2 protein chains.
Amino acid sequence: MKRNTIQRSLTLDAVQKLKCHPTAEEVYDFVASEHPTISRGTVYRNLNQLAANGEIRKMEIPSGADHFDHLCHDHYHVRCLKCSRVFDVDMDYIPDLEKSIKNTHGFELSGYDLTFKGICPDCSMSDQTRANTGANSRK
Amino acid sequence: MKRNTIQRSLTLDAVQKLKCHPTAEEVYDFVASEHPTISRGTVYRNLNQLAANGEIRKMEIPSGADHFDHLCHDHYHVRCLKCSRVFDVDMDYIPDLEKSIKNTHGFELSGYDLTFKGICPDCSMSDQTRANTGANSRK
DNA sequence: TCCTTAATAATATATATTACTATTAAGAAC
DNA sequence: GTTCTTAATAGTAATATATATTATTAAGGA
């Protein structure tokens with residue numbers, strides 16, 4: 001039977017407290033700060049089980065670590081191509097986008113991942129700063 | 001200046017011959033079969049440079065290796081959650097989806113990754129087979 | 001043919017994640 | 001509360017994917 005361990009509770013609590021789409025590593029760091037003996041593998045396993053149970057959401061980001069989120073409305077994300085951080089996107093969710101597929105060729109569809117790409121304000125500002133000060137002229 | 005090495009030509013040729021969205025590893029295997037001394041790092045570097053130049057396309061798939069594609073029309077992909085293979089999707093491309101974002105909050109957007117998820121016919125057929133023969137009843 | 005240096009091969013390292021295994025502890029049975 | 005079963009854990013190793021490092025090679029201009 002499924003057991004209710006403190007490690008699982010701490011993992012769930014951490015995801016709910018860390019509002020900003022934490023990665024497994026960030027969740028681990030947070031949990032480890034109050035329960036230093038927890039192991040990374042336990043956090044990974046619990047995150048995946050919680051996501052499978054629908055208690056949290058797992059967001060799979062191309063070219064980067066998975067991010068986790070407390071449950072909330074469906075929404076999209078944008079990742080910064082420089083700093084790899086992930087942010088919410090202010091856009092209506094497209095329900096049943098997979099219904100637009102003309103011919104599934106026997107595929108059983110079960111959803112999709114959509115992630116926008118770009119440069120975040122912080123990174124584009126620091127580019128600007130470097131350009132203005134000429135600091136980017138170094139080899 | 002940019003140099004035209006055989007390794008780069010072989011890498012480009014391989015992507016154009018391997019029609020089915022090869023991963024870097026698959027490209028490496030293909031190239032290595034005719035040029036066994038090529039190194040993995042060289043294939044990775046050339047694939048990324050060719051993609052940066054727009055000579056091939058790099059597809060970043062959540063939770064899996066990047067795939068590469070010879071240039072063709074914009075289209076979406078679906079990955080099988082069991083065997084991780086990637087297939088083309090028969091659906092109209094949505095141009096400028098990022099224009100639907102209401103407020104970019106200063107983000108400089110430059111595109112998006114959209115990948116559908118599901119179970120491919122091969123994998124769902126083998127499930128079916130196991131179910132019919134009762135082979136899935138083992139613990 | 002020579003020369004400069006971009007590109008390479010080989011190896012090491014980084015990152016993200018899962019697998020393995022002896023030990024611990026959750027919760028059912030008593 | 002005590003015992004018992006075994007799910008879950010801690011710690012470690014292993015895996016997958018990809019980039020970094022460095023001495024050596026070779027592309028292509030002079």
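The figures here come from the full heavy-atom set of this structure, side chains too, leaving out hydrogens, waters and symmetry mates. Since the model is a prediction, treat every value here as computed from it, not as a measurement. Lettering follows sequence order; numbering is per chain, from 1.
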Discussion item. List the residues meeting ring-ring contact (aromatic ring centres under 6.0 Å, His included) with A:F30, not counting sequence neighbours, and say none if there are none.
Written reply: none
Practice prompt. Answer with yes or no whether the side chains of B:Q7 and B:T42 bring together a donor and an acceptor at under 3.5 Å.
Written response: no
Worksheet entry | d(CD, A:Q49; C1', C:dT18) in whole Å | 13 Å
Worksheet item: Please give, in whole Å, the distance from D:dA10 C1' to A:N46 CG?
Response: 13 Å
Practice prompt. List for me each residue that meets side-chain contact (heavy atoms from CB on, under 4.5 Å) alongside B:S110, sequence neighbours excluded, and say none if there are none.
Written response: A:L81, A:K117
Worksheet item: Nearest-Å distance, OH (B:Y28) to C1' (C:dA9)?
Response: 10 Å
Practice prompt. Report the distance from atom NZ of A:K58 to atom P of C:dT17, rounded to the nearest whole Å.
Written response: 7 Å
Discussion item. Angle between ring planes, B:Y93 versus B:Y112, binned at 30° and 60°: parallel, tilted or perpendicular?
Written reply: parallel
Discussion item. If the condition is side chain to side chain donor-acceptor pair (under 3.5 Å), which residues does A:R3 pass it with, not counting sequence neighbours?
Written reply: none
Discussion item. Looking at C:dT17, I'd like to know if its phosphate oxygens (OP1 or OP2) sit under 4.0 Å from a side-chain N or O belonging to A:Y44.
Written reply: yes
Item to complete: Identify whether the distance between the nearest side-chain nitrogen and carboxylate oxygen of B:D69 and B:R57 falls below 4.0 Å.
Response: no
Worksheet, complete the sentence: Rounded to whole Å, CG of A:N48 lies from C1' of C:dT18 at a distance of 10 Å
Item to complete: List for me each residue that meets side-chain contact (heavy atoms from CB on, under 4.5 Å) alongside B:E55, sequence neighbours excluded, and say none if there are none.
Response: B:K2, B:L12, B:L50, B:N53
Item to complete: Might you work through the side chain to side chain contact (heavy atoms under 4.5 Å, CB included) test for A:D92 and B:K102, ending with a clear yes or no?
Response: CA-CA 8 Å; A:D92 290 331; B:K102 293 172 180 170; 2.9 Å; yes
Practice prompt. For A:D88 and A:H21, test the side chains for any donor-to-acceptor distance below 3.5 angstrom and give the result as yes or no.
Written response: yes
Item to complete: Under 4.0 Å between any heavy atoms, over every strand shown, what does A:T23 touch: base, sugar-phosphate, or nothing? Just pick one.
Response: nothing
Worksheet item: Rounding to a whole Å, what distance do you find between A:L47:CG and C:dA16:C1'?
Response: 13 Å
Worksheet item: How long is the line joining CD of A:E25 and P of C:dT18, in whole Å?
Response: 13 Å
Short N/O separations, protein against nucleotides 11-15 of chain C, under 3.5 angstrom:
none

Expected rows: protein N/O vs nucleotides 23-27 of chain C N/O, under 3.5 Å:
unit_1 : atom_1 : unit_2 : atom_2 : d
C:dA26 : N3     : A:R3   : NH1    : 3.4
C:dA26 : N3     : A:R3   : NH2    : 3.4
C:dG27 : OP1    : A:N4   : N      : 2.9

